[in-house]
Amino acid sequence: MTYSLFSLAREALRGHTGWKPAWRDAAPKPDYDVLIVGGGGHGLATAYYLAKEHGITNVAVLEKSYIGSGNAGRNTTIIRSNYLLPGNERFYEKSMQLWEGLEQDLNYNAMVSQRGVLNLFHSDAQRDQYARRGNSMRLHGVDAELLDAEQVRAMYPFLDFANARFPIRGGLLQRRGGTARHDAVAWGFARGADRRGVDIVQNCEVTGIGVTNGRVTGVQTSRGPILAKKIGLVCAGNSSRVAAMAGLRLPIESHVLQAFVSEGIKPLIDGVVTFGAGHFYVSQSDKGGLVFGGDIDGYNSYAQRGSLPVVEDVMEGGMALMPMIGRLRVLRQWGGIMDMSMDGSPIIDRTPIEGLYLNAGWCYGGFKATPGSGWCFAHTIAKDEAHFVNSAYRLDRFATGALLDERGAGATPNLH
Amino acid sequence: MRIACPHCGERGSEEFSFLGAAGLARPAPDAPADAWHEYVYQRDNPAGSYSELWHHLSGCRRWLVVTRDTRTHAIASVVDA
């Protein structure tokens, strides 16, 4: 069923009795051309673009729980393409362009809202660094504006401009950045893929990957064996565990990242604001809650929950940026498992095993990449080679030295 | 999370800093590039028992090997590195 003003009016007159489920809860078939392991945003987007861009529809997405139950439903919904390095910027800008046409493409309301992403700077040196990043973005044809303190004050007068340690000197603004509704992104891609014939198989945990003579043959799952010619792994925080089933060891550690939502308040922050002197960022959801987060807890974890020292650190960052936040109560707090790659950048590539492809290492920046990641991974699987857009995201870059060290934080996940 | 330092007793994890996997064998300086790639970048990253290096930075400043379950954060043992 196509969603439109007409379908809405018709259902309103029928008492909303005619709405159908947006996708089928499919049972797995014995074999497929392509299997996608992981039913998060990236996996569903990959299946969607395999069908739409490459005409490959004999595809199943295998999800161990229900779709969107992992990081797709646990992130802070920010979209942006404000990167410095060419290998990153061309990818994230491709993703941003896909966001801009996503809802018409999917016929689904993903609530994409280009409300602006503002990165604050607090010193002359940081201003120079942000100017350099803004110039790099503009050389890639991406919008970036360097604001001084007065321009920032006009947007967000309540920030602590005169903070004794970290006074706000200005910010780098990307107006095309913003937020999207994270669950709707997963549901929209699921519906789009399903309408093109993709099977979305839930409660189907992959327990083994079959490899014969260096080539994949299929997977063992909690719902029986499934044969496949090609298999794409898109398992976020569980990437290392699933890749190990095929005998691969990855340059990834899994870490927990926390996020928070406050009680709902009247409209206060109409964009996304990031604190430049600590790790804190904030936006406001359409329900009115402030959505904010900070740094990873800093040790390996698969527990999907964080610890109190980082809660304290995030709150301190919030208090330094906008002291009024201290009057709010935190409504909810949760954790997600991040696949922290060793240089802080993702991997979308083939693997040494024929027919096995890897999409991993998103650290804590995976949500904004969802459409671009799916688009590039679909191309890599269909054509058996990377697209130019994801050509820097090679698995072997850690061996060759062609690292993408966007934040200059070195080769250890706990420094990102 | 609280870590029972063998020298200082049970302390909050915020007193410690985390390095990563313990027991990685540093290759010889003239070892092939593959060995260095494995040592610097590749990790087992298990969901379950994991031996890792923690530095008791705000305490006795000893390096410790903590064996911890990454699914529950339960600590099985803490010994000097």
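First the proteins, then the strands, lettered A, B, ... as listed; each starts at 1.
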Next item on the list: May I ask you to name which of B:Ala33, B:Ser17, B:Pro46 has the most heavy-atom pairs under 4.5 Å with chain A?
Entry: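 Of the candidates given, the most pairs with chain A belong to B:Pro46.
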- prompt: Hey, what do you get for CZ (B:Phe18) to CG (A:Asp297), rounding to the nearest 0.5 Å?
  reply: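 That separation rounds to 11.5 Å.
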Report the distance from atom CG of A:Leu250 to atom CG of B:Asp44, rounding to the nearest 0.5 Å.
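Answer for the CG-CG pair, A:Leu250 versus B:Asp44, is 10.5 Å.
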Under 4.5 Å to a heavy atom of chain B? For A:Arg249 that would be both
Turns out that what part of A:Ala399 lies under 4.5 Å from chain B's heavy atoms comes down to both
Salt bridge (Lys or Arg N to Asp or Glu O under 4.0 Å) pairs touching residues 17-37 of chain B, sequence neighbours excluded, are none
Check: residues 50-58 of chain B side-chain donor-acceptor pairs under 3.5 Å, at least two apart:
residue, atom, partner, partner atom, Å
B:Ser51, OG, B:Thr67, OG1, 3.2
B:Glu52, OE1, B:Arg68, NH2, 3.1
B:Glu52, OE2, B:Trp54, NE1, 2.9
B:Glu52, OE2, B:Arg68, NE, 2.4
B:Glu52, OE2, B:Arg68, NH2, 3.2
B:His55, NE2, B:Arg61, O, 3.2
B:His56, NE2, B:Glu15, OE1, 2.7

Least distance between heavy atoms, A:Tyr302 atom then B:Asn45 atom: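 Heavy atoms only, the tightest pair is OH-O, 2.7 Å.
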Taking all atoms of both residues into account, what is the closest heavy-atom pair of B:Tyr41 and A:Phe398, and its distance?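 That would be CE1-O, 3.2 Å.
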request  = Check whether any side-chain N or O of B:Glu14 sits under 3.5 Å from a backbone N or O of A:Pro309 as a donor-acceptor pair, and report yes or no.
outcome  =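 Checked: no pair found.
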Count the heavy atoms belonging to other residues, nucleotides or ligands that lie under 6.0 Å from CZ of A:Arg223, then report whether that count exceeds 12.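 Above 12, so yes.
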Taken in chain and number order and not counting sequence neighbours, the residues that satisfy side chain to side chain contact (heavy atoms under 4.5 Å, CB included) with A:Glu354 are A:Arg215
Within residues 71-81 of chain B, contacts to chain A at heavy-atom distances under 4.5 Å involve B:Arg71, B:Thr72, B:His73
